[in-house]
Protein chains: 2
Amino acid sequence: MNTQFKKGVLELCVLAQLSQGDKYGYELTESISEKMTLATGTLYLILKRLKDEGYFETYLVESAGGPARKYYRISEKGRAYYRQMRKEWYEFIAQVDALLKEPENHD
Amino acid sequence: MNTQFKKGVLELCVLAQLSQGDKYGYELTESISEKMTLATGTLYLILKRLKDEGYFETYLVESAGGPARKYYRISEKGRAYYRQMRKEWYEFIAQVDALLKEPENHD
DNA sequence: ATTAACTATTATTTAATACAATATACTAAG
DNA sequence: CTTAGTATATTGTATTAAATAATAGTTAAT
């Protein structure tokens, strides 16, 4: 799949997933991987960045079959950022649509 | 606007515009700028790259009020690439939608 | 012991856009 | 004539996010 399309959008997807409830990094990688190809280490940098900016808090929970899971919980600031970013996303794809669907653009 | 969202998509927009008829670089910048913010020099590198890959041919036409305009004409290869890329784009945004709209994701 | 599955982290590379400067041609204003 | 402004193309550098790939720790199974 087109790697470039994901720029900025993975961040949006992470925010969306965490707005639905706390998740740990590996779990996020798995759930987003169901919808698009995703390299294993990719999400951790996004998570770190968003946490550093105050959009998430984290806590550790012991795991039965591996190292402790680091859960991410979205903050109010994170929710506001998510709403804003989601709005921008939908506006953006509408504009792209307008460019792709201009007249004479048969097929 | 979110710069990252444009990654890969500007290329798609250029292909879409040229699939509707020949245009010169400045003209493309103007028409795409109507839908999204776009720095002045940005498109030229995209145009050069796509031309180098055989998706466009170019020709010069004298201009009344400035340097000669370099027109870009899409090739058959370019049209095929455009169809493929447009397909990937719509599949991609559908997958993103699926992630944003999963249950419990109220607002 | 070894392997495999689960989980986290991080250094390096790659690719596309933003930014900003340069250059050219022409027109209009002073 | 000179200067400013608009139209047009080109290119070097900076920024940023994802891919790649390597490292490492924990537990269970062979």
Side-chain angles (χ1 to χ4, degrees), chain A residues 1-15 22-33 35-53 55-56 58-72 81 85 88-89 92 95-96, chain B residues 1-15 22-33 35-53 55-56 58-72 85 88-89 92 95-96 99:
Chain A
M1 86 172 301
N2 191 317
T3 284
Q4 297 301 321
F5 285 166
K6 289 179 230 171
K7 297 293 169 82
V9 179
L10 281 182
E11 182 174 309
L12 176 66
C13 292
V14 165
L15 286 159
D22 300 1
K23 288 189 167 49
Y24 56 97
Y26 187 80
E27 186 182 14
L28 279 166
T29 299
E30 295 291 299
S31 68
I32 295 179
S33 286
K35 308 291 183 184
M36 63 185 76
T37 61
L38 182 61
T40 57
T42 302
L43 252 37
Y44 293 104
L45 292 181
I46 295 174
L47 290 166
K48 183 174 191 321
R49 172 162 35 92
L50 293 176
K51 185 194 174 186
D52 289 348
E53 290 172 18
Y55 299 134
F56 303 146
T58 61
Y59 54 95
L60 289 176
V61 175
E62 287 304 315
S63 160
R69 295 165 170 171
K70 185 184 277 188
Y71 278 83
Y72 294 82
Y81 180 60
M85 200 175 184
E88 280 180 31
W89 170 248
F92 176 72
Q95 295 304 315
V96 173
Chain B
M1 85 172 303
N2 192 317
T3 285
Q4 297 301 322
F5 285 167
K6 289 179 230 171
K7 296 294 169 78
V9 180
L10 281 182
E11 182 175 309
L12 177 65
C13 292
V14 164
L15 285 159
D22 300 1
K23 289 189 166 49
Y24 56 97
Y26 188 81
E27 186 182 15
L28 279 166
T29 298
E30 296 290 300
S31 67
I32 294 179
S33 286
K35 309 291 182 183
M36 62 186 76
T37 61
L38 182 61
T40 57
T42 301
L43 252 36
Y44 293 103
L45 291 182
I46 296 174
L47 290 165
K48 181 172 191 324
R49 172 163 35 93
L50 293 177
K51 185 193 174 190
D52 288 348
E53 291 172 19
Y55 299 135
F56 303 146
T58 60
Y59 55 93
L60 290 175
V61 174
E62 287 304 316
S63 160
R69 295 165 168 170
K70 184 184 278 189
Y71 277 84
Y72 293 82
M85 201 177 182
E88 280 179 31
W89 170 248
F92 176 72
Q95 294 305 314
V96 172
L99 281 168

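Source: prediction; values computed, not measured. Labels below follow one simple rule: chain letters A, B, ... track the order of the sequence lines, proteins then strands, and each chain is numbered from 1.
- Listed pair A:Tyr44 / C:dT9 fails the phosphate criterion, with no side-chain N or O lying under 4.0 Å from OP1 or OP2.
- Going from atom CG of B:Leu10 over to atom C1' of C:dT17 covers 7 Å, rounded to whole Å.
- Near-neighbour residues of DNA chain C inside residues 62-69 of chain A, defined by a heavy atom below 4.0 Å, number-ordered: A:Ser63, A:Gly65, A:Gly66, A:Pro67, A:Ala68, A:Arg69.
- In terms of phosphate contacts, B:Lys6 brings a side-chain nitrogen or oxygen within less than 4.0 Å of OP1 or OP2 of C:dA18.
- If you check every strand for non-hydrogen atoms under 4.0 Å, A:Gly41 touches a base.
- Rounding to whole angstrom units, OH of residue B:Tyr24 and C1' of C:dT24 are separated by 16 Å.
- For the pair B:Thr42 and C:dA18, the criterion of a side-chain N or O lying under 4.0 Å from OP1 or OP2 is met.
- Distance, B:Leu43 CG to C:dA16 C1': 12 Å, rounded to whole Å.
- Regarding contacts with the backbone of C:dA18, every side-chain N or O of B:Lys7 stays at 4.0 angstrom or more from both OP1 and OP2.
- Protein chain B contacts DNA chain D from D:dA7 to D:dA17, reading 5' to 3' and using non-hydrogen atoms of the protein with a distance under 4.0 Å.
- Between the side chain of B:Lys6 and the backbone N or O of B:Leu38, no donor-acceptor pair lies under 3.5 Å.
- Separating the CG atom of B:Leu45 from the P atom of C:dA20 is a distance of 16 Å, rounded to the nearest angstrom.
- Scored by the side-chain contact (heavy atoms from CB on, under 4.5 Å) test, B:Lys70 finds B:Thr58, B:Leu60, B:Tyr72 as partners (sequence neighbours excluded).
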